[in-house]
2 protein chains.
Amino acid sequence: MKLNSVDISKTASASSIVFEALRKAIIEGDVKEGEPLRQDEIARMFNTSRIPVREAISRLEEQGLVKTQRYKGAVVSGLSATEAEEIFDFRALIEPEVIRRAVPLMSAETLDSARTSWAAFSASSDPMSWGDLNRDFHSTLYQASGLQYHLDVIDNAMDRIDRYLRAQLVMSNGMERANEEHIAIWEACVAGNAKQAAELTRLHISGARESLIQNINSLR
Amino acid sequence: MKLNSVDISKTASASSIVFEALRKAIIEGDVKEGEPLRQDEIARMFNTSRIPVREAISRLEEQGLVKTQRYKGAVVSGLSATEAEEIFDFRALIEPEVIRRAVPLMSAETLDSARTSWAAFSASSDPMSWGDLNRDFHSTLYQASGLQYHLDVIDNAMDRIDRYLRAQLVMSNGMERANEEHIAIWEACVAGNAKQAAELTRLHISGARESLIQNINSLR
DNA sequence: CTATTTCATATTGGATCCAATTTACAATAT
DNA sequence: ATATTGTAAATTGGATCCAATATGAAATAG
C-alpha cells in the first residue's frame with residue numbers, strides 16, 4: 001500500500017532564503033543604495049557560511065539590484081533620475097498592453113481579489129504596507145493575462161523602482177490619487193473595457209512618473 | 001611624479017568566465033534544452049572547483065536560461081511554442097518604441113556601423129554567424145537610444161529565443177527576407193523617419209513570429 | 001516473474017580553509 | 001604639514017572537505 005506522502009515542509013535552500021531576504025530589504029529601502037553587502041556579516045545574520053550568501057549576491061546582481069566589483073564586494077544599486085524615468089517609460093509601455101490582454105480573461109474571482117486589494121490599500125493607515133498592496137492590486141489583474149514572461153519582466157522593473165514608488169505614495173496626495181486611479185482601472189476591468197483599462201493604466205504610470213521627477217531631487 | 005598606470009589585463013573572475021561560456025553555449029544551442037548541467041563536469045572543463053560553476057548557474061537561472069531543482073541540479077530551459085510567441089509579442093512591443101526614440105539620436109557613425117552589420121549579414125555564407133550579425137545590426141541601432149534598461153531587457157528576450165531565431169534564419173527564405181527587411185529599416189533610419197523605422201521593426205518581428213509558429217513543431 | 005526494499009553510487013548544498021586583493025593606518029621622507 | 005611607502009587587518013574569490021538527497025542496481029518477498 002502506498003501512503004499519500006504530502007510534502008509537509010519543503011525546506012528552501014539557504015541561498016534562496018538569503019536571496020529573498022536581501023531582495024526584500026533592498027526594494028523596501030531597509031538597506032540604502034550605495035551601502036555595501038558584507039558577506040561575512042550577512043552569513044552571520046542567517047547562521048550560514050558565506051557560500052549561500054555569495055550565490056544570493058550573484059543573483060541580485062543579475063537582477064540589477066546590486067553592483068559588484070572584484071575583490072571589493074557588492075553595494076546596493078542606486079537609480080539616477082534618468083534611470084528612474086526610463087523604467088517608468090518602460091512600464092508605461094508594457095503594462096497597458098498586459099492589462100488590455102488580461103481584461104477579456106478576468107474571472108469573477110480575479111476581479112473580486114483585485115477589489116479586495118484596492119480596498120485594503122484604500123483602508124490601510126500603514127505607509128509601510130502601501131507598496132505591497134499597490135503591487136498586489138496591479139499584479140492580480142495582470143496575472144489574468146497568463147503572460148508569464150511579461151509578468152516577470154514587470155516584477156523586475158517594479159523591484160528597481162519600489163523604493164521610490166513607496167516614497168511617492170507617502171508624500172503629497174500620492175496615496176489618495178493612486179487609490180482613485182485604482183478604482184477607475186478596476187471599474188474598466190469589470191465593465192470589460194480593455195482599451196479603457198489600458199489607457200487608465202498608462203495614465204496611472206505616467207502620472208507617477210511625473211510626480212517622481214518633480215520629487216526625486218528631494219529624495220536624495 | 002605620477003605615471004599613467006594603465007590596466008593592462010584585468011582578469012575576470014572564474015565565475016564570470018564560466019557564466020559567459022555557458023550562456024553562449026546555451027543560446028547557440030550547443031547544449032540542448034533539457035540537458036543537465038553537471039557541476040563537476042563543467043568545473044573540470046574550466047579547471048576550477050564547483051564554486052564558481054554554482055555561481056554561474058545561479059546567474060543563469062536568474063536569467064531564465066536554466067531551471068534548477070534542489071539536489072537535482074540544473075537543466076537548460078526549453079521554450080514551448082506559447083512561450084516563444086509571448087517573447088516575440090514582447091519584442092514587437094518594445095523594440096519599435098526603442099528604435100523610434102533612437103532614430104533622432106543616430107550619429108553618422110551609428111548608421112555606418114549598422115550598414116556594415118547588415119552588409120556582413122548579407123554577405124555571410126556561414127549560417128552559424130547569422131544570429132550574431134543579426135543581433136549586431138539591431139543592437140547597433142537600438143544603442144543610439146541610450147535606453148540602457150530597455151536594451152538589457154531586449155538582450156534577455158533575445159537570449160531566450162536565440163536558438164529558434166537562428167533555426168528560423170536557416171530555413172526557407174528566412175535569411176533573404178530578414179536581409180531585405182534590415183535594409184528597409186536602415187533606410188528609414190537614414191531618412192530620419194522614426195515612425196517608419198518603428199513600424200518596419202514591428203513587422204520584422206511579427207513576421208519572424210509567424211514563421212516561427214509555423215515551423216516550431218518541426219523544430220522539436 | 002514482478003514489485004518492493006536495501007544499499008552503494010552519484011550529485012548537489014553547505015562549511016571550512018587558503019590565496020589574492022583591497023583597505024586602513026602607521027612610519028618615513030621631502 | 002603633506003605626500004609616499006610599507007605593513008597588518010579586512011574582505012573577497014576559490015579549493016577542498018563533509019552532509020543531505022537523489023538515482024540506480026542488487027536483493028528479496030510475494
Side-chain angles (χ1 to χ4, degrees), chain A residues 1-23 25-26 31-32 34-63 65-77, chain B residues 1-23 25-26 31-32 34-63 65-77:
Chain A
M1 181 196 178
K2 205 166 195 179
L3 292 180
N4 258 353
S5 74
V6 181
D7 281 316
I8 298 292
S9 71
K10 201 174 211 170
T11 52
S13 69
S15 138
S16 301
I17 293 170
V18 174
F19 172 76
E20 291 298 342
L22 287 178
R23 171 182 165 276
I26 292 171
V31 281
K32 314 292 182 206
E35 195 170 327
L37 299 179
R38 297 289 167 216
Q39 298 173 3
D40 209 23
E41 179 187 1
I42 296 166
R44 272 196 304 274
M45 294 198 300
F46 289 91
N47 285 315
T48 67
S49 74
R50 283 164 45 220
I51 299 291
V53 175
R54 280 163 56 177
E55 284 180 16
I57 290 177
S58 292
R59 293 168 64 183
L60 290 169
E61 174 163 39
E62 210 54 42
Q63 288 259 316
L65 294 179
V66 308
K67 291 198 193 313
T68 69
Q69 273 187 300
R70 192 157 149 83
Y71 294 116
K72 286 189 172 184
V75 298
V76 177
S77 305
Chain B
M1 180 196 178
K2 204 166 197 177
L3 291 181
N4 260 352
S5 73
V6 180
D7 282 314
I8 299 294
S9 72
K10 202 174 210 168
T11 52
S13 68
S15 139
S16 301
I17 293 170
V18 174
F19 171 76
E20 292 298 342
L22 287 178
R23 171 183 165 277
I26 291 172
V31 282
K32 313 293 182 205
E35 195 170 327
L37 299 180
R38 298 288 167 217
Q39 298 174 3
D40 211 18
E41 179 187 0
I42 295 166
R44 272 197 303 274
M45 293 197 301
F46 289 90
N47 284 316
T48 67
S49 73
R50 283 164 45 221
I51 299 291
V53 175
R54 281 164 55 177
E55 284 180 18
I57 290 177
S58 291
R59 293 168 64 181
L60 290 169
E61 174 164 39
E62 210 54 42
Q63 289 265 311
L65 294 179
V66 307
K67 290 196 193 314
T68 69
Q69 273 186 299
R70 193 155 146 82
Y71 294 116
K72 285 190 173 182
V75 298
V76 177
S77 305

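Since we're looking at a predicted model, the values are computed, not measured. No hydrogens, no waters, no symmetry mates; every other heavy atom, side chains included, goes into these values.
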Over all strands shown, is [X] touching base, sugar-phosphate only, or nothing at heavy-atom distances under 4.0 angstrom?
X       : result
A/Arg70 : sugar-phosphate
B/Ile57 : nothing
A/Thr48 : sugar-phosphate

Looking at every heavy atom in both A/Ala56 and A/Val18, which two are closest together, and how far apart are they?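 Heavy-atom minimum between the residues: CB-CG1, 3.7 Å.
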To the nearest Å, give me how far apart [atom1] ([X]) and [atom2] ([N]) are.
X       : N      : atom1 : atom2 : value
A/Phe19 : C/dG13 : CZ    : C1'   : 18 Å
A/Arg54 : C/dG14 : CZ    : C1'   : 12 Å
A/Phe46 : C/dA15 : CZ    : P     : 13 Å
A/Asp40 : D/dG14 : CG    : P     : 17 Å
B/Glu41 : C/dA10 : CD    : P     : 14 Å
B/Gln69 : C/dG13 : CD    : P     : 11 Å
A/Ile51 : D/dG13 : CD1   : C1'   : 9 Å

Below 4.0 Å: OP1/OP2 of D/dG14 and any side-chain N or O of B/Arg50: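 Negative; the distance criterion is not met.
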Counting only side-chain nitrogens and oxygens, does B/Gln39 get under 4.0 Å of the OP1 or OP2 atom of C/dG13?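 So the side-chain polar atoms of B/Gln39 do come within 4.0 Å of the phosphate oxygens OP1 or OP2 of C/dG13, strictly under.
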Taking the nucleotide of DNA chain C with the closest heavy atom to each, which residue, B/Lys72 or A/Tyr71, is nearer the 5' end?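 Taking each residue's closest nucleotide, the earlier one in sequence belongs to B/Lys72.
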Could you tell me whether a side-chain N or O of B/Glu20 sits under 3.5 Å from a main-chain N or O of B/Ile17, the two making a donor and an acceptor?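 No.
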Any idea which of D/dG14, C/dA15, C/dT12 is nearest the B/Ser49 side chain?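 Comparing D/dG14, C/dA15, C/dT12 against the side chain of B/Ser49, the answer is D/dG14.
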Given D/dA15, D/dT11, D/dG13, identify the nucleotide with an atom nearest to the side chain of B/Ser13.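 Of the options given, the side chain of B/Ser13 lies nearest D/dG13.
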Salt bridge (charged side-chain N to carboxylate O under 4.0 Å, His left out) between A/Glu55 and B/Arg54: does it pass, once the steps are laid out? CA-CA 8 Å; A/Glu55 284 180 16; B/Arg54 281 164 55 177; 3.1 Å; yes
Value rounded to 0.5 Å, distance of CG in A/Leu60 from OG1 in A/Thr68: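 It is 10.5 Å, given to the nearest 0.5 Å.
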How long is the span from the OG atom in A/Ser58 to the CD atom in A/Gln63, to the nearest 0.5 Å?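 Spacing of OG (A/Ser58) from CD (A/Gln63) equals 12.5 Å.
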